[in-house]
Amino acid sequence: GNGLGGTLPFEIQELSDLRYLIVEEGATAGQIPSEYGTFGTLHILDLNFNALTGTVPLEVWTLPLLFQLDLNDNFLTGTIATEIGTVQFLQFVQLEVNQFTGTIPTEMGNNGFLRVVEFFDTNLTGTMPQELCDLRNTTATGNIFRLTADCDIDDNPRVDCDVPECCTDCPF
């Protein structure tokens with residue numbers, strides 16, 4: 001890990017051309033500053049394996065050039081904003097091992113470049129949107145080769161998702 005602790009500084013919003021923000025595998029705590037949603041050129045937001053809490057600011061779900069969103073293995077809560085469907089070039093979404101609630105937005109079917117989407121070990125419920133299933137690499141137009149959720153029959157809470165027709169597997 002990086003060994004970094006403390007909290008994420010909002011002041012780095014001044015780095016207007018920032019493309020990669022990678023603070024992973026540390027002891028970083030606190031919330032994700034909403035100011036991080038102002039990075040118009042950010043390609044990678046990787047904050048996984050930390051101790052982040054609170055909700056993901058709406059602004060972060062709408063970063064225009066984001067192609068990798070790694071927030072897994074934290075203590076994040078709240079829902080996955082429907083606005084994630086507006087992030088045109090998004091390819092990797094790793095939200096697993098968090099405390100997200102609600103359902104997986106059908107709007108993610110608009111993210112046509114998705115390749116990896118991980119939702120397991122969360123508190124998400126409902127059904128995997130058919131719009132996401134349609135982006136699997138088993139379809140003519142899809143690229144997703146890894147799509148996970150808490151979809152085992154014994155999982156509680158649970159996301160209904162057929163394997164292998166939609167989800168690739170149901171970890172844990």
Side-chain angles (χ1 to χ4, degrees), residues 1-126 128-129 132 135 144 146-150 157 159 171-172:
N2 65 30
L4 288 176
T7 58
L8 295 167
F10 70 89
E11 292 88 351
I12 65 171
Q13 74 179 22
E14 302 301 324
L15 302 172
S16 57
D17 292 331
L18 190 67
R19 287 181 174 77
Y20 308 99
L21 179 56
I22 301 171
V23 183
E24 62 180 6
E25 299 181 27
T28 304
Q31 300 194 1
I32 300 170
S34 61
E35 289 85 358
Y36 286 17
T38 64
F39 296 125
T41 57
L42 195 66
H43 297 313
I44 295 177
L45 180 60
D46 186 347
L47 305 174
N48 62 8
F49 293 97
N50 278 294
L52 297 172
T53 56
T55 61
V56 177
L58 181 60
E59 296 84 352
V60 169
W61 296 116
T62 61
L63 286 162
L65 298 180
L66 198 66
F67 73 84
Q68 182 172 332
L69 179 63
D70 289 341
L71 301 177
N72 57 286
D73 293 85
N74 279 290
F75 302 98
L76 296 169
T77 57
T79 59
I80 300 169
T82 58
E83 285 81 358
I84 194 172
T86 66
V87 185
Q88 183 177 357
F89 302 110
L90 201 55
Q91 294 180 31
F92 299 92
V93 179
Q94 295 186 283
L95 302 177
E96 73 271 19
V97 195
N98 274 296
Q99 297 165 8
F100 292 114
T101 54
T103 58
I104 297 164
T106 58
E107 288 81 358
M108 289 189 75
N110 297 327
N111 303 114
F113 293 100
L114 285 173
R115 298 178 55 77
V116 173
V117 187
E118 306 259 30
F119 295 119
F120 69 89
D121 201 8
T122 63
N123 293 318
L124 294 168
T125 56
M128 184 67 69
L132 253 182
L135 296 179
I144 296 176
R146 183 154 174 82
L147 176 60
T148 65
D150 294 320
V159 173
F172 298 112

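Shown here for Leu65 and Gly40, the closest heavy-atom pair between the two residues is CD1-O, 3.5 Å. When all heavy atoms of Glu24 and Asp46 are compared, the closest pair comes out as OE1-OD2, 2.7 Å. Here the shortest heavy-atom pairing between Ala27 and Asn50 reads N-OD1, 3.5 Å. Nearest heavy atom pair, residue Asn74 against residue Asn72, reads ND2-O, 3.3 Å. Pairing each heavy atom of Phe100 with each of Trp61, the nearest pair is CE2-CZ2, 4.4 Å. Taking each heavy atom of Leu132 and Leu114 in turn, the nearest pair found is CD2-CD1, 3.7 Å.
Using modelled atom types, one finds a donor on one side chain and an acceptor on the other under 3.5 Å when comparing Glu118 with Thr148.
Interatomic distance, Gln91 CD to His43 NE2, rounded to the nearest 0.5 Å: 11.0 Å. Asp73 CG to Asp121 CG: the interatomic distance, rounded to the nearest 0.5 Å, is 8.0 Å. Taken to the nearest 0.5 Å, the CE atom of Met128 stands 12.5 Å off from the OG1 atom of Thr106. One finds the CD1 atom of Ile44 at 10.0 Å from the CG atom of Leu21 (value rounded to the nearest 0.5 Å). Of the inter-residue distances, the one linking Phe89 atom CZ with Phe67 atom CZ reads 11.5 Å to the nearest 0.5 angstrom. With rounding to the nearest 0.5 Å, the separation of CZ in Arg115 from CD in Gln68 is 12.0 Å.
Between Thr79 and Thr101, some side-chain heavy-atom pair lies under the 4.5 Å cut-off. The shortest distance between side-chain heavy atoms of Val159 and Phe119 does not fall below 4.5 Å. By the 4.5 Å heavy-atom criterion applied to side chains, Tyr36 and Glu59 are not counted as neighbours. In this structure the side chain of Ile84 never reaches within 4.5 angstrom of the side chain of Glu107, judged on heavy atoms. Using a 4.5 Å heavy-atom cutoff, the side chains of Val97 and Phe120 are in contact. Side chains of Asn111 and Val93 form no contact here, defined as non-hydrogen atoms less than 4.5 Å apart. You'll find the side chain of Leu95 stays beyond 4.5 Å of the side chain of Leu124, heavy atoms only.
A donor-acceptor pair is defined here as one N or O able to donate and one able to accept, closer than 3.5 Å; no such pair exists between the side chain of Asp70 and the backbone of Asn48. In this structure a side-chain-to-backbone donor-acceptor pair under 3.5 Å is present from Asp150 to Thr122.
Across Asn110, Val60, Leu66, a single residue satisfies side-chain contact (heavy atoms from CB on, under 4.5 Å) together with Val87, and that is Leu66. If you run side-chain contact (heavy atoms from CB on, under 4.5 Å) between Leu47 and each of Thr28, Leu69, Leu52, only Leu52 comes through.
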Check against side chain to side chain contact (heavy atoms under 4.5 Å, CB included), Val117 and Leu135: CA-CA 11 Å; Val117 187; Leu135 296 179; over 6 Å; no
